[in-house]
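Data block below; observations after.
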Amino acid sequence: MDILKEAAEFENAKMSNMSTSDRVEASREAKRLILGINEIYKETKDPELMEVMKRLTAKKKKIEIRLKGRPDEVI
């Protein structure tokens, strides 16, 4: 389960002072990790894997908000 070690490293990595290309790369890395863990989850149904995927998804969303900007409020 090497992918879980990679996921832990990604979760603990600092995301401050990143360039736009670094953010794009981090978002893609998060997606790769989430999809990889999901394949394992499909077979094992381990709830701990689901929690890891949720944490990675939350971090990925934060990165993507910085990339795309916050949506304007609809009035």
Practice item. Would you list the pairs meeting side-chain hydrogen bond (donor to acceptor under 3.5 Å, both in side chains) in which at least one residue belongs to residues 10-20, sequence neighbours left out? Key: Glu11-Arg55, Ser19-Ser21, Ser19-Asp22
Practice item. Quick one: list whatever passes side chain to side chain donor-acceptor pair (under 3.5 Å) with Lys59, sequence neighbours left out. Key: none
Check your understanding: Ion pair present between Glu29 and Arg32, side-chain N to carboxylate O less than 4.0 angstrom?
Key -> yes
Exercise for review: Rounded to the nearest 0.5 Å, what's the gap from CD1 on Ile40 to CG on Leu49? Could you check?
Suggested key: 6.5 Å
Check your understanding: Does Glu25 pair with Arg28 as a salt bridge, N-O distance under 4.0 Å?
Key -> no
Check your understanding: Shared ILVMFWY cluster between Met15 and Ile65, side chains joined below 4.5 angstrom?
Key -> no
Review point. Of all heavy-atom pairs between Met53 and Ile34, which one has the smallest distance, and what is that distance?
Key: SD-O, 3.8 Å
Check your understanding: Taking the side chain from Ser27 and the backbone from Arg23, do they hold a donor-acceptor pair closer than 3.5 Å?
Key -> no
Practice item. Calculate, to the nearest 0.5 Å, the distance between atoms CD1 and NZ belonging to Ile37 and Lys54 respectively. Key: 13.5 Å
Study note, to complete from the structure: Here the pair of heavy atoms bringing Leu56 nearest to Ala7 is CD1-CB, 3.9 Å
Check your understanding: Is the closest side-chain heavy-atom distance between Glu51 and Glu48 below 4.5 Å?
Key -> no
**Study point:** Taking every non-hydrogen atom, the tightest pair across Ile3 and Gly36
**Key:** CD1-CA, 3.6 Å
Exercise for review: Could you state whether Leu4 and Met50 fall into the same hydrophobic cluster, counting links through intermediate Ile, Leu, Val, Met, Phe, Trp or Tyr residues with side-chain heavy atoms under 4.5 angstrom apart?
Suggested key: yes
